[in-house]
Q: 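Pasting a structure here, questions to come.
Since this is a predicted model, take the numbers as computed values, not measurements.
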Amino acid sequence: MPELPEVETVRRDLTAVILHQKIKSVKILSQPTIKNSPALFLRILKNNEFVKIERIGKLLIFNLANGKNYLLVHLKMTGQLIYDSGKNVVVGGHSLNKNRTEEMVKPQRSTRVYFIFADGSRLFFNDQRRFGYLKIVDYNELEKIKSKYGLEPLTPEFKKDKWRQIFSGRKKNVKALLLDQSLVAGVGNIYADEVLFASGILPNRLANSLKLVEIDKIFKNLQIILARAIAERGTTFNNYVDGHGRKGGFVNFLKVYGRKGQNCKKCKTPLKSTKVAGRGTIYCIKCQK
DNA sequence: CCTTGTGTTCTCCG
DNA sequence: CCGGAGAACACAAG
């Protein structure tokens, strides 16, 4: 599940390889994935270039060289953006493209859209469950979408007083608050559970019941955990891969997510599983209050 | 049946 | 009756 650290990893990976490359052609294999008419989509992208890649929450924003359009890409649950340079690439000691054949460079079953650049390299958008999308917007539409997002962690604007403000008078539980993109951008189920465990707070606590010291703990741990997850190139639990098709390493640092029934790493008590904010939730009954 | 991110819709409350 | 908040539902496919 791509959340802020995973999307940021993809953003950085692709920034290093696709900027200022002329887009020679675009193949649309799944029409519903494109939230524009295919004609418009192709017209804008063909012979254009990506000049910058930004991110807000879990949304990627590819700035185009024409100066007025932006390609939005949301990976949702199973989306992947994988760059293939077309050259021999060594990953984990294996030469992926050795003895490349026409067969090998074909799109995969889950490929919905792909781009071919002038130098022959390609960018694949794969999405098994077809929740993800690509959408070309103009500046006004972009600003409208941006305005719906809340505080962006890991930016200078992420300040403690603004954070406390989010909690005050809010009646929803703290996990639902963390998942609410209009309050704080980029947190999904994995990092919500991890941050709450690190902060020693039960996911079903109501936001307005938290003491300031508890709110501040979440503030701190959210930044620490997201930064660490980016350093580890994200969490690959099921489907996520980075901009080169490689897995992320933060899965080795997860303390609660996906560890239902296993012993708490802090106190050895078996972790409990429940549903909070409509999502599967893992927590330690002893370490979280 | 479960899984999840988000847009939409419904419901409640003041 | 309006608006906001929050919860519930819809979506896809393995």
Side-chain angles (χ1 to χ4, degrees), chain A residues 1-11 29-36 55-61 72-81 108-113 125-135 137 141-142 144-153 165-196 203-210 222 226 229 234-241 248 250-251 254 256-261 271-283:
Chain A
M1 285 56 66
E3 304 179 26
L4 187 153
E6 291 75 33
V7 177
E8 177 62 17
T9 300
V10 170
R11 188 192 72 78
L29 308 184
S30 163
Q31 205 126 297
T33 296
I34 306 297
K35 301 302 177 189
N36 310 93
R55 177 191 58 74
I56 182 165
K58 305 166 192 171
L59 183 69
L60 286 167
I61 304 161
L72 307 182
V73 179
H74 204 300
L75 303 174
K76 290 288 180 88
M77 295 165 61
T78 58
Q80 304 174 328
L81 276 170
Q108 302 171 18
R109 174 187 288 274
S110 65
T111 299
R112 309 303 174 197
V113 177
F125 177 76
N126 301 336
D127 185 21
Q128 193 172 76
R129 297 187 191 178
R130 296 185 203 241
F131 268 31
Y133 63 84
L134 286 72
K135 183 179 189 184
V137 297
E141 213 172 341
L142 175 66
K144 202 172 145 191
I145 290 166
K146 275 188 175 176
S147 71
K148 291 178 184 164
Y149 284 88
L151 299 181
E152 183 73 35
Q165 195 65 39
I166 287 176
F167 284 74
S168 81
R170 213 162 281 277
K171 288 178 181 157
K172 64 165 69 177
N173 63 56
V174 62
K175 174 152 180 178
L177 182 151
L178 288 173
L179 295 175
D180 187 334
Q181 304 300 300
S182 71
L183 298 177
V184 51
V187 181
N189 212 24
I190 297 174
Y191 297 105
D193 277 11
E194 292 299 315
V195 167
L196 289 172
N204 64 356
R205 291 271 306 278
L206 294 187
N208 66 0
S209 80
L210 297 194
L222 180 60
L226 292 178
T235 300
T236 296
F237 200 81
N238 295 317
N239 191 262
Y240 164 74
V241 291
F250 195 73
V251 69
L254 296 178
V256 286
Y257 184 85
R259 300 191 65 248
K260 172 181 179 178
L271 296 174
K272 291 276 184 198
S273 167
T274 181
K275 213 156 202 145
V276 178
R279 298 297 172 219
T281 301
I282 313 292
Y283 66 101

Q: Report which part of the nucleic acid A:K275 touches: base, sugar-phosphate, or nothing (heavy-atom distance under 4.0 Å, all strands).
A: sugar-phosphate
Q: Determine: side-chain N/O of A:R170 to OP1/OP2 of C:dG6, distance under 4.0 Å, yes or no.
A: yes
Q: In whole angstroms, how far is the P atom of B:dG5 from the CG atom of A:L60?
A: 15 Å
Q: According to a strict under-4.0 Å criterion, is A:Q128 in side-chain N/O contact with OP1 or OP2 of C:dA13?
A: no
Q: Any base atoms under 4.0 Å from A:R279, or only sugar-phosphate, or nothing? Heavy atoms, all strands.
A: base
Q: Take A:K171 and A:Y133, find for each the nucleotide of DNA chain B with the closest heavy atom, and name the residue whose nucleotide sits nearer the 5' end.
A: A:Y133
Q: Measuring only between side-chain heavy atoms, which start at C-beta, is A:F131 closer than 4.5 Å to A:T78?
A: no
Q: For A:D127, check salt bridge (charged side-chain N to carboxylate O under 4.0 Å, His left out) against everything at least two apart and list the hits.
A: none
Q: For a quick check, tell me whether the side chain of A:R129 and the base of B:dG5 share a donor-acceptor pair closer than 3.5 Å.
A: no
Q: Within the pair A:H74 and B:dT6, is there a side-chain N or O less than 4.0 Å away from OP1 or OP2?
A: yes
Q: Taking only side-chain nitrogens and oxygens of A:K58, does any of them come within less than 4.0 Å of OP1 or OP2 of B:dT6?
A: yes
Q: Which residue lies toward the 5' end of DNA chain C, A:D180 or A:R109, if each is placed at its nearest nucleotide?
A: A:D180
Q: Rounded to the nearest Å, what distance is computed from the CE atom of residue A:M1 to the P atom of nucleotide B:dT6?
A: 13 Å
Q: Base, sugar-phosphate, or nothing for A:Y191, non-hydrogen atoms under 4.0 angstrom?
A: nothing
Q: Nearest whole Å is fine: how far is C:dG6 P from A:L178 CG?
A: 14 Å
Q: Should A:E141 and A:K144 count as an ion pair when the cut-off is N to O under 4.0 Å?
A: no
Q: When you compare the protein's N or O atoms with those of nucleotides 9-13 of chain B, which come within less than 3.5 Å of each other, and at what distance?
A:
none

